[in-house]
Amino acid sequence: DGHRLVFKRPTVDKITASGPLSSRAEHGRVLLLRGSWNEAFLAEAEAFDGSGKGHDDQIDAAALADDVLESMAPVVVAFNPDIGYTPRDA
């Protein structure tokens, strides 16, 4: 049918918004899908200073996605070789 869009305006500064994602990454809890975009994303992450003066769109988006995903109810994923991955309520 379609997708539901939710628009969310920032309510905190960039450093505060990216803090939880940064912490998870430092503890090995962030995985990147291998792709041609990895090098540019990681370079942007390493250069990120929260000033908004450099390239930070990917970090802003990743921090927002992290916030949204962390606020969702947990989902248990079971693998059935006949049908693939099937999400279930936790």
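In this text, all values refer to a predicted model and were calculated from it rather than measured experimentally.
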Colleague: Just wondering, do Asp66 and Pro20 contact through their side chains at under 4.5 Å, heavy atoms?
Modeller: yes
Colleague: Is there a side-chain contact between Asp49 and Lys14, using heavy atoms and a 4.5 Å cut-off?
Modeller: no
Colleague: Nearest 0.5 Å, what's the OG-CG distance between Ser51 and Asp56?
Modeller: 7.0 Å
Colleague: Decide whether Ile15 and Ile59 are clustered together by the hydrophobic rule: side chain heavy atoms of Ile, Leu, Val, Met, Phe, Trp, Tyr closer than 4.5 Å, transitively.
Modeller: yes
Colleague: What is the minimum heavy-atom distance between Ser18 and Ala63, and which atoms define it?
Modeller: CA-CB, 3.8 Å
Colleague: So, do Leu32 and Leu42 sit near enough that their side-chain heavy atoms are less than 4.5 Å apart?
Modeller: yes
Colleague: Does any N or O in the side chain of Gln58 come within less than 3.5 Å of the main-chain N or O of Glu44, such that one atom is a donor and the other an acceptor?
Modeller: no
Colleague: Write down the atom of Val30, the atom of Ala25, and the distance for their closest heavy-atom approach.
Modeller: CG2-N, 3.5 Å
Colleague: Within a strict 4.5 Å, meaning less than it, do heavy atoms of the Phe48 and His55 side chains meet?
Modeller: no
Colleague: Over all heavy atoms of both residues, which pair between Ser71 and Val68 is shortest? Give the atoms and the distance, please.
Modeller: OG-O, 2.8 Å
